[in-house]
2 protein chains.
Amino acid sequence: MRILGSVPRSGAEARRRLQQAALELYRERGFDRTTTAEIAARAGLNERTFFRHFPDKREVLFDGESDLRAALTEAVAEAPDGLQPLDLILHAFRKVEHILEGNRPFAEPRLRVIAETPALRERDLAKAASMAEAVAEALRRRGVADRLAGLAAHTGWAAFHHAAQAWIDDSTQSLDAYLLQAFDDLRALSLTTPAADAAR
Amino acid sequence: MRILGSVPRSGAEARRRLQQAALELYRERGFDRTTTAEIAARAGLNERTFFRHFPDKREVLFDGESDLRAALTEAVAEAPDGLQPLDLILHAFRKVEHILEGNRPFAEPRLRVIAETPALRERDLAKAASMAEAVAEALRRRGVADRLAGLAAHTGWAAFHHAAQAWIDDSTQSLDAYLLQAFDDLRALSLTTPAADAAR
DNA sequence: GTCTATACTGAGATAGAC
DNA sequence: GTCTATCTCAGTATAGAC
């Protein structure tokens, strides 16, 4: 029986508490002025426990990565036939976008603190690159040419990031709407009228 | 009068020695197994001096950034009229590519150690993102639409990175040749035939 | 859960260029 | 003398080894 105030020993529960505590503290004092000991204390745990769950102070905000990766590669694999590479990617993003949209109370402050903290932004970019590689691999399995797959995945990710940022900053439309817009812009890139005259 | 073995007090000279020592040690033992004290020792300097020149252990390999940034934005500004955004970027990359090509003895081991060290790869991605932002700003000044500029810059950077990697890994052609190929691939992305049949 | 190496910081002392 | 690069000393916090 669980006594009031006691700390649950379930690993998953501890993880969640650590993530929540870290996000709160990073927002309150900033990432640099938050110690791992403080995070652990707020979660009612020992500092050492923090490092048993997360390899470092940044990783605590990048936990859902493998879920998102799995969802994305699966969405690419199951997309309908007959799509161009970029449309394949758009299809996949639209299919998993609900993961972010449905978890906005956590996703929004998370993206905010990442955007304003260089150390976290670095980690975010690394995760994005690794995720883009996974998408590229999924594209290759669908028959997209080797060199094109990597470029398409990274390009698609730039569009996704662009959309997610607008979703946080503007927040007048749904993430899905921003996604569609970003991929429209992407296609427009190769068709744009020369920039010549506008420059004067 | 300069006594044999004394360390020159010029700041620029010390910087160069620290960079050279760091690159050598990172390649010999790996980034993680190299201490800042060892780098300083090989450069004939004190550990504390290392941190006066570079804010952290990674940054020592990312010094030419501001030069490259200046060269790139200038190249975008001075590109001929009538180019599409992506062609503007390609023009700029081709104009500064000689900075890498001409410094291969340093650039090549540097890119190698970055590619194989996660911590350095993170920093590299962050620099790339920040550089892409600078290019985006330069594009806007040339009249490229606001939202398109960011996408074009990040997309162009993906192509550039792709080219630079091939230049290091394959090294059968010039960097310029890989650049042209990458941007061709990029344009092909929007025109590719559906991936449908190849998947079976 | 304990212990330790090391990245990094701050303040003040010293040494050389001018 | 000033100015700046470097060094010495004394720490703290992260992360890894045990």
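Throughout, protein chains are lettered first and strands after them, A, B, ... in sequence-line order, and every chain is numbered starting at 1. Predicted, not measured: the structure shown is a model, and the values here were computed from it.
- Contact annotation: B:His53 reaches the phosphate of D:dT6 (side-chain N/O to OP1 or OP2, under 4.0 Å).
- The ring pair (Phe, Tyr, Trp, His ring centres under 6.0 Å) check on A:Phe31 picks up A:Tyr26, with sequence neighbours excluded.
- Distances shorter than 4.0 Å separate some side-chain N or O of B:Thr49 from OP1 or OP2 on D:dC7.
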Polar-atom pairs under 3.5 Å, protein N or O versus N or O of nucleotides 15-18 of chain D: list them with distances, or write none.
residue, atom, partner, partner atom, Å
D:dA15, OP2, A:Lys57, N, 3.0
D:dA17, N6, A:Arg48, NE, 3.3
D:dA17, N6, A:Arg48, NH2, 3.4

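- Residue B:Arg29 contributes atom CZ, which lies 17 Å from atom P of C:dA5 at whole-angstrom precision.
- To the nearest angstrom, C1' of C:dA7 lies 15 Å from CD of B:Glu59.
- Whole-Å rounding puts the B:Asn46 CG to D:dA10 C1' distance at 14 Å.
- When ring centroids are compared, A:Phe160 and A:Trp167 stay outside the 6.0 Å threshold.
- Residue A:Asp32 contributes atom CG, which lies 18 Å from atom P of C:dA7 at whole-angstrom precision.
- Spacing between atom CZ of B:Arg52 and atom P of C:dC8 amounts to 15 Å, rounded to whole angstrom units.
- A donor-acceptor pair is defined here as one N or O able to donate and one able to accept, closer than 3.5 Å; such a pair exists between the side chain of A:Arg142 and the backbone of A:Val76.
- Of the residues A:Glu59, A:Glu122, A:Glu133, the one that meets the salt bridge (charged side-chain N to carboxylate O under 4.0 Å, His left out) test with A:Lys127 is A:Glu59.
- For residues 106-117 of chain B, the set of pairs meeting the side-chain hydrogen bond (donor to acceptor under 3.5 Å, both in side chains) definition, not counting sequence neighbours, comprises B:Glu108-B:Arg112.
- The hydrophobic cluster containing B:Leu125 does not contain B:Leu120, counting ILVMFWY residues as joined when their side-chain heavy atoms lie under 4.5 angstrom apart, directly or transitively.
- Here C:dT6 presents its C1' atom at 12 Å from CZ of B:Phe31, a figure rounded to the nearest Å.
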